[in-house]
2 protein chains.
Amino acid sequence: MNKAPYHHGDLRQTLIAAALAVVERGGAEALSLRELAESVGVSRAAPYRHFADRDELLACVAARGFEDLNVGYEAALASPGDGHARMRIASQVYIDFAERRPGLFKLMFESDLLARDQPPPVLIGPANHAYQLLWRAVAGADPTADEKTVKARTITMWSTVYGFLALDRARRFKPFMTQPLTRAEIVEAVITAATGV
Amino acid sequence: MNKAPYHHGDLRQTLIAAALAVVERGGAEALSLRELAESVGVSRAAPYRHFADRDELLACVAARGFEDLNVGYEAALASPGDGHARMRIASQVYIDFAERRPGLFKLMFESDLLARDQPPPVLIGPANHAYQLLWRAVAGADPTADEKTVKARTITMWSTVYGFLALDRARRFKPFMTQPLTRAEIVEAVITAATGV
DNA sequence: CGCAAATGTCAGCGCCGTCAACATCGAGTA
DNA sequence: TACTCGATGTTGACGGCGCTGACATTTGCG
C-alpha cells in the first residue's frame, strides 16, 4: 500500500495547476498558500521548496495565462478574412478570455507583477509575446500605416477593449446597461470603436 | 495639562483623512487598520467604534474621492466652449485625477465596493452623481443623439480613457512608449479616440 | 447628582506569509 | 551493497492582520 508517500512527485506543477484554478475565478487575493498546500495534501511550508514566495507562484500562474491568451491570438491571426476582420477576432479572443477567467485576467492586467523594475523572469517572455501578437494584428489591418500610427492605434484599441472589460467587471456600467441598449449591442459598439469602424 | 485625553475629539473624520492620505498613494491594500489607529494615537480597536469594518472606512474614503472628482466635472461642464470641448476637458479632469491620486482612483474604479448587490450607502450618491455628470458631458457634445447612442458613446469613451489609465499605471504600455511616440502624443491620441475626433 | 450612552482600552481569536530546524527519501558513488 | 548528500517535506514559531467581547472612561441628559 502506497498511501501518503513522503514525497509528492510533482508538487511544483500541482501547485501551479491548483493555484490557477483558484485565481481564475477569485483573483490573486483569493489565493492562500496555506489553504492551497492543504488542498493538495502537503504541509504549509512545502510550497517554499518550489517558490521563493507567494508572488513567484502568482507569476507562474500569470505566465500560464499569457500563454493561453497567445494561443488564441495566434489562431486569430491565422484566421481567414482581411486584416481588419482578424483584428476584430483578436478583440473577441481577449473579451472571451476576460469573461471566462476573470480572476486570471485581473492578475495579468491589473496586478503590479509587470510594473516592477525587474518583472518576474517567467512572465517576461509570454507577456512580450502577447504584445507582439497584438501589434501584428493592428499593423495587419492597415499595412500603409507607419510605426507611430500603429503604436497609437494599438494603445487606443487595447485601452478601449480593456477599459470596457474592467469597468464592466467592476459593475460600473450598471446605470447604463438598461433598455433600449442590450449587452450584445454594447460589446459590438466597443469592438467597433476599438477597431476603428 | 491636557496631554493625551481619553477621548479623541473627532476620531471618525481624523481616520477618514488619514486613510485617504494612505490610500491616495498606495491603494486600498496599503491600508492597515492597526497601523492607521496607531498613527493617529488611538488603540487598535478604537476605529471599530466608528466603522463596522475595514470596508466601511474604505467606502467613506472612496466617497470622498467621487465628491472631489465631481467638483472637477462640474467645472468642466461650466467651462466656455462648445459641448465637444467640454467633453475633452472632462476627459482631462479624469486623467489628472488618476495621475495625481492613483491609489484612490484604483479604489474607486477597480475595487468591488460598487459591484455588490448592496453597495455601501455613502458611496451610492456620489458615484451616481459622477455617472450623471459624465452622461451630461457626452450628451452635450451632440444634442441630436438619441438615448441609445448617448449610452453607447458614454460607455466607449469612458472605456477608452479608463483603459488607458489603468493599463498605463500597470506599466503595460512599456513596450510601446518609445520613440517616435511621446507620452503627450499618446494622451492626445487617446482623448481624440475617446471623444470621437 | 446620577445614570446611561458614547467612546476609548486591552486581551485574545483565527487567519495569513514566512522562516529555521529537523525528518525523510532517492540517487550516485566507494 | 552500504554510505552519504542533496532534494524535498514537516513542525513549530514569529509577527502582522481584521475583528470581537469584556471592561474603563468620559460626556451629556433627566
Trainee: Looking only at side-chain atoms of B/Arg34, point me to the closest of C/dT18, D/dG9, C/dG12.
Mentor: C/dG12

Trainee: Check every strand shown and say whether B/Leu36 touches a base, only sugar-phosphate, or nothing at a heavy-atom separation below 4.0 Å.
Mentor: nothing

Trainee: Select base, sugar-phosphate, or nothing to describe what B/Leu57 touches, counting heavy atoms under 4.0 Å on all strands.
Mentor: nothing

Trainee: Any salt bridge linking B/Arg64 with B/Asp68? Criterion: basic side-chain nitrogen under 4.0 Å from a carboxylate oxygen.
Mentor: no

Trainee: Students often mix this up, so state it plainly: with edges at 30° and 60°, are the rings of B/Tyr94 and B/Tyr73 parallel, tilted or perpendicular?
Mentor: parallel

Trainee: Measure from CD on A/Glu38 to P on C/dG17 and round the result to the nearest Å.
Mentor: 12 Å

Trainee: Is A/Ser43 touching bases, backbone alone, or none of the nucleic acid, heavy atoms closer than 4.0 Å?
Mentor: base

Trainee: What's the OH-P distance between B/Tyr48 and D/dC17, to the nearest Å?
Mentor: 11 Å

Trainee: Have a look at A/Arg54 and say if it touches a base, only the backbone sugar-phosphate, or nothing, with a 4.0 Å heavy-atom cut-off.
Mentor: sugar-phosphate

Trainee: Whole angstrom is fine here: how far is it from CG in B/Leu11 over to C1' in D/dT26?
Mentor: 15 Å

Trainee: In Å, rounded to the nearest 0.5 Å, how long is the span from CG of A/Leu181 to CZ of A/Phe173?
Mentor: 11.0 Å

Trainee: Take B/Glu35 and B/Ser39 through the test side-chain hydrogen bond (donor to acceptor under 3.5 Å, both in side chains) and record every step on the way to the result.
Mentor: CA-CA 6 Å; B/Glu35 202 177 348; B/Ser39 80; over 6 Å; no

Trainee: Of A/Glu35 and A/Ala45, whose closest DNA chain C nucleotide lies nearer the 5' terminus?
Mentor: A/Glu35

Trainee: In whole Å, what is the span from the CG atom of B/Asp53 to the P atom of C/dC15?
Mentor: 18 Å

